[in-house]
Amino acid sequence: MEDKALIFDIKRDCSEDGPGIRTTIFFKGCPLSCIWCQNPESKTKSPQLSFRAEACKPSECNVACVKVCESHCLSFVDILHVNHDQCIRCDRCFDVCPTKALEPVGYWVTLDELMYRISIDIPFFRSSDGGVTLSGGEATQQIPFIHRLLKALKKKGIHTAIETSGFFNYRRFKELVLPYLDLIYFDLKLIDDIKSKKYTGQSNQLIFDNFKSLIYEAEIPIIPRIPLIPGITTNKDNLKGIAEFLKKLSVDSATLLPYNPLWRDKLKRLDLESNYELSSLMSAEEIEACVEHFYS
Ligand code: SF4
Ligand code: SF4
């Protein structure tokens, strides 16, 4: 469905996804399956259902959702039971749920709809030197659409950025995406390919090759970012190894992104599981140790 994009969120007034005030579009679908994925709702390329058990108040609705679901994914025995696999996303239950315990994750938008939403924020972009950031998931999974979106944004003189896992077809990225970008945030996670396959589900070869190609060929800023995932990416070998890779390309800095455990709540709502258990924030000392490893 190339004339529409599947997205799962539009965040306005963002200040962390690039310069100035930004609107960030989160695209659904990702070729990686990092076991710590901060946006697990981005992984699949289809709309999903989210259920927050703590928000469910059957006494307020007379269990209205069960009555409207013709796919029999909802049943009530003491509490509401949700069969996520059976959901066909007819969206009927969302309309009758008074507490928003049931919510849609992912919806299709046309370019015109998206540009209309974005255009509301143009005054904020102008006053702050901000713009639009494409995030995900992996936005390049929907390359024909983001090509048209970026072109439309540039036509309006809007600053554009992308946050990418680096796992894309370089030729297509160079032809359809790069000419319309002002800034790239590029994630580098694991220098060891065996660990990359184990923890992200993909080899790191394409990612590191793409980064190298962009450093040689792109004429815009490329900011490498390393997610700090305790026990996986935070060890000295990994951080030092990535620093050495960057140094060979004359890139002498990177953004280290401290682990945030909030994604674990999202997993439950989507009925997904992960082997990665850490549910606490990193301490200042742990973060400091990572900085030292990177610059050692
Ligand atoms: S979206 Fe439709 S199919 Fe899915 S749980 Fe709700 S009513 Fe049932
Ligand atoms: S999910 Fe919503 S509609 Fe269904 S029982 Fe809970 S509160 Fe009622």
Side-chain angles (χ1 to χ4, degrees), residues 1-12 23-118 134-139 141-142 144-146 149 201 260-277 279:
M1 209 185 279
E2 289 181 6
D3 56 339
K4 287 188 177 182
L6 182 61
I7 64 174
F8 65 92
D9 205 0
I10 299 175
K11 283 213 169 88
R12 303 174 65 199
T23 297
T24 302
I25 321 287
F26 292 84
F27 288 80
K28 216 157 152 28
C30 185
L32 273 62
S33 47
C34 306
I35 65 168
W36 65 85
C37 179
Q38 301 286 296
N39 290 329
E41 70 273 50
S42 73
K43 287 188 178 183
T44 64
K45 287 183 194 163
S46 55
Q48 287 167 284
L49 165 77
S50 159
F51 174 58
R52 279 184 303 138
E54 67 278 15
C56 178
K57 303 270 183 280
S59 57
E60 290 182 18
C61 63
N62 207 14
V63 205
C65 56
V66 176
K67 292 168 195 150
V68 297
C69 180
E70 292 179 0
S71 300
H72 308 293
C73 0
L74 306 174
S75 56
F76 191 84
V77 182
D78 300 327
I79 55 169
L80 187 73
H81 298 268
V82 181
N83 184 335
H84 289 252
D85 294 338
Q86 220 162 294
C87 174
I88 56 163
R89 266 297 304 271
C90 73
D91 293 5
R92 288 199 186 107
C93 58
F94 309 132
D95 294 336
V96 299
C97 178
T99 63
K100 296 205 180 307
L102 286 162
E103 284 189 301
V105 178
Y107 54 97
W108 293 96
V109 283
T110 64
L111 184 61
D112 286 347
E113 286 163 352
L114 204 46
M115 284 304 290
Y116 174 75
R117 295 278 298 275
I118 290 168
L134 311 189
S135 187
E138 175 55 48
Q141 290 279 289
Q142 302 185 57
F145 185 92
I146 67 166
L149 171 61
N260 184 333
L262 283 179
W263 63 282
R264 295 189 54 79
D265 288 340
K266 297 185 195 174
L267 272 188
K268 270 187 241 153
R269 294 176 201 167
L270 296 165
D271 196 31
L272 299 174
E273 286 176 1
S274 168
N275 294 330
Y276 192 68
E277 299 289 342
S279 57

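Atom set for the values below is all heavy atoms of this structure, side chains included, hydrogens, waters and symmetry mates excluded. Numbering starts at 1 and runs along the sequence shown. Predicted, not measured: the structure shown is a model, and the values here were computed from it. Counting convention: from 1, in listed order, for ligands and their atoms alike.
Here the side chain of Arg89 pairs a donor or acceptor atom with the backbone of Gln48 at under 3.5 angstrom. Side-chain atoms of Lys266 come within 3.5 Å of backbone N or O of Gln38 as a donor-acceptor pair. Ser71 places no side-chain N or O within donor-acceptor distance of the main-chain N or O of Cys87, the cut-off being under 3.5 Å.
Within a 6.0 Å sphere centred on CZ of Arg52, other residues, nucleotides and ligands contribute more than 12 heavy atoms. Dense packing is recorded around CZ of Phe76, with more than 12 heavy atoms of other residues, nucleotides or ligands lying under 6.0 Å away.
Two residues are said to be in side-chain contact when any heavy atoms from C-beta on lie closer than 4.5 Å; Asp9 and Asn39 fail this criterion. Here the side chains of Leu111 and Leu149 are in contact, with some heavy-atom distance below 4.5 Å. Using a 4.5 Å heavy-atom threshold, the side chains of Ile25 and Ile118 count as touching.
Around atom 4 (Fe) of ligand 1, the protein N, O or S atoms closer than 2.8 Å are Cys87 SG, listed by chain and residue number.
Ring pair Phe8/Phe26 is tilted by interplanar angle, where 30° to 60° counts as tilted.
Looking only at protein N/O/S atoms, the ones less than 2.8 Å from atom 6 (Fe) of ligand 2 make 1 in total.
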